[in-house]
Peer 1: 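Got a structure for you, questions after.
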Amino acid sequence: MSNLLEGKTALILGVANRWSLAFAIAQAFRREGAGLVLTYQGDRQRETVEGLGAELSAAVHCCDVTQDEDVGRLMDRLRGQGRLDAVVHSIAFANREDLSRPFAETSRPGFLLAHEVSVYSLVAVARAAAPLMNGGGSILTLSYLGAVRVIPNYNVMGVAKAALEASVRYLASDLGPSGIRVNAISAGPVKTTAARAIRDFSRILEDVEAKAPLRRNTDPAEVADTAVFLASDLARGVTGNILYVDAGYQIMGA
Ligand code: IMJ
């Protein structure tokens with residue numbers, strides 16, 4: 001490909017390790033000539049993300065997205081370095097028990113935690129980043145089919161992803177007049193750290209391979225290439241959308 005993001009600066013939240021979809025996106029953005037800023041959540045991830053950032057000549061900052069002061073401090077730092085063209089939000093969390101037990105048994109604190117980390121963080125980051133994107137930009141988040149279908153063990157995360165996808169539409173409506181586009185990629189299952197721990201995950205991967213039109217699973221690099229498109233001027237007419245990058249699995253009825 002050829003420098004689709006040349007001269008652009010992208011902020012990428014949610015790189016946890018080398019297998020993160022956010023890291024695949026960071027690599028593809030770098031390949032296309034973007035300048036990168038990565039964030040990590042806390043001390044546990046600091047060294048890993050600083051190492052990955054060094055590989056991509058990226059600036060690395062700490063940002064716990066549940067803390068408004070952290071989000072504000074991050075944007076203050078970025079303001080000093082010029083404008084921002086793209087934001088990638090690749091963050092989700094629910095208590096492990098809330099993924100494995102029936103959705104009907106989700107506790108109030110578990111429900112709120114999943115929504116605070118996985119949904120409100122997009123709203124907080126979009127609001128804080130918008131002033132740095134004057135003249136236009138692209139905000140992108142990651143979703144999953146569990147937002148619109150019942151997927152075993154996804155439970156409270158499915159409800160949170162439904163709220164995330166609705167948030168994409170309302171943010172797109174609010175920020176569109178400022179030239180800021182907001183979209184989501186709904187990725188097929190990928191064996192990241194966020195998925196490795198899930199019961200029966202291998203069965204889900206086998207089901208996709210058997211039924212998806214392309215008869216294979218999703219490669220993180222193809223999610224990343226779609227992210228490049230959405231962040232680039234090629235997608236200048238696309239906002240408020242959920243793009244499925246899932247080998248076509250989502251269209252099948254059985
Ligand atoms: C997660 C749970 C159940 C089924 C799942 C997933 N499938 C996929 C995922 C089929 C693809 C991964 N995914 C799309 C997620 O959004 C994962 C979110 C997540 C994962 C964990 C694991 C460890 C933990 N909390 C988590 N919170 C959110 O403690």
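The chain is numbered in sequence order, starting from 1. None of the values given here were measured: they were computed from a predicted structure.
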Peer 1: Decide side chain to side chain donor-acceptor pair (under 3.5 Å) for Ser143 and Glu165; before the verdict, give the C-alpha distance in whole Å, the side-chain angles of both, and the deciding distance to 0.1 Å.
Peer 2: CA-CA 7 Å; Ser143 192; Glu165 293 184 3; 2.6 Å; yes
Peer 1: If you count heavy atoms of other groups shown closer than 6.0 angstrom to CZ of Phe201, is the number above 12?
Peer 2: yes
Peer 1: So, does Gln67 use its side chain to make a donor-acceptor pair with the main chain of Asp64 at under 3.5 Å?
Peer 2: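 Side chain of Gln67 to backbone of Asp64, a donor-acceptor pair under 3.5 Å: no, none is there.
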Peer 1: Charged N to carboxylate O below 4.0 Å: is that the case for Asp98 and Arg96?
Peer 2: no
Peer 1: Could you tell me whether the side chain of Arg30 and the main chain of Ala34 form a donor-acceptor pair under 3.5 Å?
Peer 2: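 Yes, the answer is positive, given that a donor and an acceptor are paired below the 3.5 Å cut-off.
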Peer 1: Quick one: does Asn155's side chain have a donor or acceptor within less than 3.5 Å of a partner on Pro102's backbone?
Peer 2: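 Not a single qualifying donor-acceptor pair exists.
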Peer 1: Has Arg181 got a side-chain atom pairing as donor or acceptor with Ser138's backbone, closer than 3.5 angstrom?
Peer 2: no
Peer 1: Less than 4.0 angstrom from a charged side-chain N to a carboxylate O is my criterion; do Arg73 and Asp68 meet it?
Peer 2: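 Answer for the salt bridge query: no.
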Peer 1: Given 3.5 Å as the limit, does a donor-acceptor pair link the side chain of Ser178 with the main chain of Ile180, or not?
Peer 2: no
Peer 1: So, the side chain of Lys161 versus the backbone of Leu142: is there a donor-acceptor pair under 3.5 Å, distance only?
Peer 2: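 A pair under 3.5 Å: yes.
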Peer 1: Any salt bridge linking Arg31 with Asp225? Criterion: basic side-chain nitrogen under 4.0 Å from a carboxylate oxygen.
Peer 2: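 So Arg31 pairs with Asp225 through a salt bridge.
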Peer 1: So does Val117 get a backbone contact from the side chain of Thr66, meaning a donor-acceptor N/O pair under 3.5 Å?
Peer 2: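 Such a contact is absent between Thr66 side chain and Val117 backbone.
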Peer 1: Between the side chains of Glu206 and Lys211, is the shortest nitrogen-to-carboxylate-oxygen separation below 4.0 Å, so that they form an ion pair?
Peer 2: no
Peer 1: Using a 4.5 Å cut-off on heavy atoms from C-beta on, say whether the side chain of Thr39 contacts that of Val15.
Peer 2: no
Peer 1: Tell me whether the count of non-hydrogen atoms from other residues, nucleotides or ligands lying under 6.0 Å of CZ in Arg216 goes above 12.
Peer 2: yes
Peer 1: What orientation do Phe111 and Phe103 show, parallel under 30°, tilted 30 to 60°, or perpendicular over 60°?
Peer 2: tilted
Peer 1: Quick one: does Asp246's side chain have a donor or acceptor within less than 3.5 Å of a partner on Gly248's backbone?
Peer 2: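 Here the side-chain-to-backbone pair exists.
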Peer 1: Go through the steps for Thr193 and Asn17 under the test side chain to side chain donor-acceptor pair (under 3.5 Å), then give the verdict.
Peer 2: CA-CA 8 Å; Thr193 309; Asn17 54 51; 2.7 Å; yes
Peer 1: When you compare the side chains of Asn217 and Tyr249, does any donor N or O come within less than 3.5 Å of an acceptor on the partner?
Peer 2: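 Looking only at side-chain atoms, Tyr249 and Asn217 do not form any donor-acceptor pair under 3.5 Å.
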